[in-house]
Protein chains: 2
Amino acid sequence: MTQPRTRIQQKNRTVILSAGLDVFSQYGFRGSTLDQIAEAAGLSKPNLLYYFASKELIYTELLSELLSTWLDPLIAMNDAGDPVEEILGYAKRKLSMSRDYPRESRLFANEILQGAPRISASLHGELKDLVAEKAKVIRGWQAHGKIADVDPYHLIFSIWSLTQHYADFDVQVQAVLPVDDAFPGAEAHLEHMLRRTLAV
Amino acid sequence: MTQPRTRIQQKNRTVILSAGLDVFSQYGFRGSTLDQIAEAAGLSKPNLLYYFASKELIYTELLSELLSTWLDPLIAMNDAGDPVEEILGYAKRKLSMSRDYPRESRLFANEILQGAPRISASLHGELKDLVAEKAKVIRGWQAHGKIADVDPYHLIFSIWSLTQHYADFDVQVQAVLPVDDAFPGAEAHLEHMLRRTLAV
DNA sequence: ACTTTATTTGACCAGTTGGTAAAATGAAGG
DNA sequence: CCTTCATTTTACCAACTGGTCAAATAAAGT
């Protein structure tokens, strides 16, 4: 089942995952039902369970897909590049992900809010290691006087929060902001903040 | 019932609301059950329903309590004070709330993630108005050259995201950060970022 | 055309969920 | 002590939930 054989399977698994993403990203694992997902996918519940044996499997499939793509932008932050531009590039990639994949961002937020029961290991493993590695890179830049001497961890947290906010709190942003598209302003503000924060 | 008469009612309503906050802030409205809340409160389910007629009423009571305290720190931002210190003071109050009331922050986050079905009106009303008012104050400061010319809305969003992150994503912060207490570092970083962002 | 395999459906089930009703217990005042 | 009102418990219910099963239908290969 991991390798879909037919085109129908390929297509329906994709449809189900997208429907699951819609529902899970809004209501979290516990708050979502198979009926909701089945309806969003345009399939009957037993038919849905023909493709994924359980609710859990749809969810974990989504989570594991998410994790890899989630780390990529940070992995791409390159030791050899210009420090400010590297950090800014990372932040902008992250903001683009909030624009282009808001559901994934919200799925992640929901999982964390619920205590990260199914992703805790990855947080303490892959994510922690990756951040530690990049924190070291940032400290290297700081030792060479390339950027301001801020805590690398909180710098990374601030990039996460500033960018993910536009996906996770989209409803609030839309309600408050007297402008249709938040992203142009968000990007300008993000760039301003980070350039100033990092200037030596 | 709005005015609790006896001491037992006073106490049990408080216990229930706290238990509800525990549960709702983790799983959201849909993902939480009365049984969970009853157990957390140390009451039987029918006994719980003796104090609050429905799950919905516990939740909305929590939300309306939340909203007023949530706006206070921003309301306190004073036109007449020193601009940088006023904005910084607001940000620090907000960060303190993430430290002292993380459950409330997560409850709010969950409600927004689920599309703000029960708080949408307040977002488009009170919150929007308040932010518009404070945006005007900030623009006034900028017109007098007191702070840098950044978009007031995105400035406020950035304060929200930077501070709430430490409550909402606490599990992730704990997993990644090689330090017990994130808040001292968070506050220093927040101050650094904002002072630099706002400097003329 | 016919067989085999993949897909879809309808009927169903046991456990959970939000909520009710009435009886049982407790507290407090007269 | 006895009555009244507040509180708690027990038993219960209908709707929903995740999931199963066997039969029906559709595709594909021969």
Side-chain angles (χ1 to χ4, degrees), chain A residues 1-63 107 110-111 114-115 117-118, chain B residues 1-63 107 110-111 114-115 117-118:
Chain A
M1 196 58 112
T2 310
Q3 291 253 58
R5 294 156 194 282
T6 74
R7 276 167 236 144
I8 292 179
Q9 269 192 43
Q10 180 96 291
K11 189 198 68 174
N12 278 346
R13 284 180 63 95
T14 305
V15 166
I16 290 166
L17 287 174
S18 176
L21 186 53
D22 275 342
V23 177
F24 283 133
S25 66
Q26 236 188 108
Y27 300 109
F29 181 75
R30 291 220 34 178
S32 303
T33 71
L34 284 178
D35 292 286
Q36 281 178 293
I37 298 170
E39 185 177 349
L43 298 172
S44 68
K45 185 167 58 171
N47 198 10
L48 183 151
L49 287 163
Y50 172 73
Y51 292 99
F52 289 87
S54 71
K55 179 183 168 182
E56 183 91 31
L57 277 178
I58 305 175
Y59 188 74
T60 51
E61 172 78 25
L62 283 169
L63 269 192
L107 181 73
N110 249 314
E111 170 70 10
Q114 307 200 0
R118 292 150 227 268
Chain B
M1 193 60 112
T2 312
Q3 293 252 58
R5 295 155 193 280
T6 74
R7 276 167 235 142
I8 292 180
Q9 269 194 41
Q10 180 96 289
K11 192 198 68 177
N12 278 346
R13 283 181 63 94
T14 305
V15 166
I16 290 166
L17 286 174
S18 176
L21 186 53
D22 276 343
V23 177
F24 283 133
S25 66
Q26 236 189 105
Y27 300 109
F29 181 76
R30 290 221 36 177
S32 303
T33 71
L34 285 178
D35 292 286
Q36 280 179 295
I37 298 171
E39 184 176 347
L43 298 172
S44 67
K45 184 168 57 170
N47 198 11
L48 182 150
L49 286 164
Y50 172 73
Y51 292 99
F52 289 87
S54 70
K55 179 183 170 183
E56 183 91 32
L57 276 178
I58 305 175
Y59 187 75
T60 50
E61 172 79 26
L62 284 168
L63 269 193
L107 181 73
N110 248 314
E111 171 69 10
Q114 306 199 1
R118 292 151 227 270

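Each chain gets a letter, A, B and so on, in the order the sequences are listed, and its residues count up from 1. The figures that follow rest on heavy atoms only: side chains count, while hydrogens, waters and symmetry mates do not.
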Whole Å only: how far is the CG atom of Asp35(B) from the C1' atom of dG18(C)?
-> 9 Å
Nearest whole angstrom, please: distance from the P of dG18(D) to the CG of Leu57(A).
-> 14 Å
State which of dA11(D), dT8(C), dG19(D) makes the closest approach to the side chain of Lys45(A).
-> dG19(D)
Report yes if at least one side-chain N or O of Gln9(B) is closer than 4.0 Å to OP1 or OP2 of dT7(D); otherwise report no.
-> yes
Any sub-3.5 Å donor-acceptor pair from Ser25(B)'s side-chain atoms to Asp22(B)'s backbone N or O?
-> yes
Taking Lys55(B) for its side chain and Ser32(B) for its backbone only, find out whether a donor-acceptor pair lies under 3.5 Å.
-> yes
Nearest-Å distance, CZ (Arg30(B)) to P (dG18(C))?
-> 10 Å
For residues Asn110(B) and Asn110(A), report the shortest heavy-atom separation together with the two atoms involved.
-> OD1-OD1, 3.6 Å
Could you state the atom-to-atom distance from OH of Tyr59(A) to P of dG18(D) in whole Å?
-> 14 Å
Contacts of Ala53(A) and Thr33(A) projected onto DNA chain D by closest heavy atom; the upstream (5') one is Thr33(A)
For Glu39(A) and dT9(C), give me the distance from atom CD to atom C1', rounded to whole Å.
-> 17 Å
When all nucleic acid strands are considered with a 4.0 Å heavy-atom cut-off, which category describes Leu43(A): base, sugar-phosphate, or nothing?
-> nothing
Phe52(A) CZ to dG19(D) C1', straight-line distance once rounded to whole Å = 16 Å
Remember a base hit wins even if backbone is also touched, and classify Ser44(B) as base, sugar-phosphate or nothing at under 4.0 Å, heavy atoms.
-> base
Using atom CD1 of Ile37(A) as one end and atom P of dT17(D) as the other, report the distance to the nearest whole Å.
-> 11 Å
For the pair Arg118(B) and Glu56(B), find out whether any cationic side-chain nitrogen is under 4.0 Å from an anionic carboxylate oxygen.
-> yes
Would you say Tyr50(B) reaches dT7(D)'s phosphate, i.e. side-chain N/O to OP1/OP2 under 4.0 Å?
-> yes
Within less than 4.0 Å of OP1 or OP2 of dA6(D), is there a side-chain N or O belonging to Asn12(B)?
-> no
For Leu49(B), which contact category applies under a 4.0 Å heavy-atom criterion: base, sugar-phosphate, or nothing?
-> base
Give a yes/no on whether any side-chain N or O of Asn47(B) is located under 4.0 angstrom from OP1 or OP2 of dT7(D).
-> no
Take atom CZ of Phe24(A) and atom C1' of dT17(D), then tell me their distance rounded to the nearest Å.
-> 13 Å
Donor-acceptor pair present, Lys55(A) side chain and dG19(D) base, under 3.5 Å = no
Classify the side-chain pair Tyr59(B)/Glu111(B) by whether it contains a donor and acceptor separated by less than 3.5 Å.
-> yes
Tyr51(A) side chain: which of dT8(D), dT8(C), dG10(C) is closest?
-> dT8(C)
